[in-house]
Amino acid sequence: MSKLVKIFDTTLRDGEQSPGATMNVAEKVRIAEQLEKLNVDIIEAGFPISSEGDFEAVKEISKKIKQSQVAALSRTNSKDIDRAWEAVKGAKYPLLHTFISTSDIHLKHQLKISKQEVIRIAGQSVARAKRYTPNVEFSAMDATRSDVEFLSAVCNAALQAGATTINIPDTVGYAIPSEFGELIQTLRQRLKGVEKVTLSVHCHNDLGLAVANSLAAIQNGARQIECTINGIGERAGNTSLEEMVMSLRTRKDLLGFHTRIIPRHIYTTSRLVSKITGMVIQPNKAVVGANAFAHESGIHQDGILKEKLTYEIMTPESVGIPKTSLVLGKLSGRHAFRERLKELGYRLPEADLERAFGRFKQLADKKRDIFDEDIESIVVEEILRMPHRFKLVYINVVAGNVTVPTATVQLEVDGKLIQEAGFGDGPVDATFKTIKKITRTRSHLLQFAINAITSGTEAQGEVTVRLEEKGQTVIGQGADTDVIVASAKAYINALNKIEFKKQKLVGM
Ligand code: KIV
Ligand code: ZN
């Protein structure tokens with residue numbers, strides 16, 4: 001049996017289901033290009049029936065991506081499958097991915113159909129997808145809480161209809177590694193012709209076991225892992241791509257498996273996804289967290305200075321963590337800026353480069369040293385983040401301990417300039433209240449966090465806000481050397497995401 005494990009990345013589909021992590025088409029395309037550079041085998045680009053935005057994103061990604069396969073998700077009905085194909089048909093290597101639940105709990109409370117119906121629908125939907133492409137994946141949702149005999153029957157129906165990948169999701173992150181490994185073994189024995197198709201797993205991280213379960217599955221015959229960058233995804237997220245790949249690589253001695261991933265692109269990809277989604281990476285996150293290679297104890301530092309192997313099982317360079325991020329300053333020219341962008345993985349068209357360079361020059365007037373993190377902020381805020389309904393034009397805030405904090409804000413709302421002033425408990429409160437007045441929005445602020453992007457008092461402040469409206473949450477981010485301006489940008493970014501989310505037609 002081959003020792004190659006395929007990496008199916010679902011950052012753009014399941015990852016986007018993380019509370020708050022909405023992405024627009026340009027942002028998704030940028031991430032897809034980076035995933036291709038990372039060399040993932042499959043990019044799940046979206047769920048086309050769910051919204052116009054998802055449809056467009058899958059279509060655009062399908063046009064751009066030439067090496068990785070591009071997958072589009074659909075439920076098991078003709079309308080979904082047809083729409084998914086419409087979106088993905090332009091891809092060089094398209095994949096249709098269709099799913100239905102198999103657990104008693106889902107059948108009784110959600111689908112309200114019989115087991116016989118599910119078996120019939122599974123076969124029928126794979127057959128319909130096969131009319132479009134030979135490359136079809138079938139997923140049995142909530143597989144780990146399903147009766148194994150029934151699960152086998154559904155998967156057999158999908159296999160018989162021509163599915164080329166059978167995916168076993170641990171949808172609610174319920175499985176324990178030994179149990180999940182055994183399930184994969186059992187399925188390998190029960191599925192007719194399984195040796196001719198790829199057995200895949202898709203694990204959620206509700207008990208913190210997604211990577212462990214995926215490893216157990218590989219040891220028991222699975223050869224495709226569905227995962228996301230930084231482990232983002234529904235609820236507690238999915239198997240983390242970087243943890244999975246580096247586990248296989250670091251313990252090749254024991255496990256003997258390999259992937260096609262180019263690990264030195266992991267760090268840039270992780271930062272890009274974090275920046276675009278607004279999902280901050282916890283410092284102690286394995287492989288890509290700020291502390292992943294930081295040695296604090298004296299004994300550890302002593303060991304590292306003598307020989308890195310004493311306390312390091314992989315090197316930061318192997319996952320692409322740069323030694324220093326100090327890059328440019330006021331005197332740096334266009335050429336240096338373009339080169340640095342390229343090194344960070346951004347290839348911008350000339351017009352966008354000019355815009356980004358203009359913003360870089362403005363920043364360099366306020367701040368002596370421009371770091372990689374500053375450049376990433378410029379690209380995400382100025383280029384990728386397309387203004388939707390609301391755009392900040394002007395903000396002036398008066399605050400202090402002898403005045404009532406007052407904000408005067410001018411926004412462009414659907415192309416029309418609107419100006420308002422308002423008071424608040426503090427400068428941020430005054431700013432948010434005034435923006436709310438202009439935009440006539442009704443969201444609630446759930447969280448407000450401010451971080452310095454880099455070190456030093458002149459560093460840009462990066463504000464992250466989490467807003468909620470009618471049960472939907474979004475994350476907004478903004479960066480500026482003035483933290484009130486950064487707060488306004490973050491708030492407006494979040495409001496734009498809420499507007500974007502309103503276009504979603506079908507939730508998962
Ligand atoms: O978690 C899940 O079951 C899914 C399927 C659609 C594969 O995301
Ligand atoms: Zn999932």
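Every number for a ligand or one of its atoms is a count from 1 in the order of the listing. Model, not experiment: these values are computed from the prediction.
- In terms of polar-atom proximity, S139 is not counted as a contact of ligand 1, lacking any N or O under 3.5 Å from an N or O of the ligand.
- In the vicinity of H204, heavy-atom distances shorter than 4.0 Å reach the ligand 1 atoms 1 (O).
- For the Zn ion (ligand 2), protein N/O/S neighbours under 2.8 Å (waters excluded) are D14 OD2, H202 NE2, H204 NE2.
- Classified by interplanar angle (parallel below 30°, tilted 30° to 60°, perpendicular above 60°), the ring pair H97/F8 is perpendicular.
- Counting atoms of ligand 1 from 1 in the listed order, those under 4.0 Å from a heavy atom of T171 are 1 (O), 2 (C), 3 (O).
- Listed by number with element, the atoms of ligand 1 under 4.0 Å from a non-hydrogen atom of D14 are 8 (O).
- Annotation for Q219: atom CD counts as buried by contact number, over 12 foreign heavy atoms lying within 6.0 Å.
- For the atom pair CG of D82 and OG of S74, the computed distance is 9.0 Å after rounding to the nearest 0.5 Å.
- Between R13 and ligand 1, at least one pair of N/O atoms sits closer than 3.5 Å.
- Below 4.0 Å from some heavy atom of M141 lie the following atoms of ligand 1, by number and element: 3 (O).
- The existence of a salt bridge linking R30 and E27 is excluded, since no basic side-chain nitrogen approaches an acidic carboxylate oxygen closer than 4.0 Å.
- The shortest N or O to N or O distance between H202 and ligand 1 is under 3.5 Å.
- Looking at K285 and E243, a side-chain N of the basic residue comes within less than 4.0 Å of a carboxylate O on the acidic one, giving a salt bridge.
- Between E469 atom CD and K497 atom NZ the span is 15.0 Å, to the nearest 0.5 Å.
- Between V463 and K489, every side-chain heavy-atom pair lies at or beyond the 4.5 Å cut-off.
- Annotation: E149, atom CD; neighbour count of heavy atoms from other residues, nucleotides and ligands within 6.0 Å does not exceed 12.
- When the options L38, V273, T228 are evaluated for a side-chain contact (heavy atoms from CB on, under 4.5 Å) with L241, the one that passes is L38.
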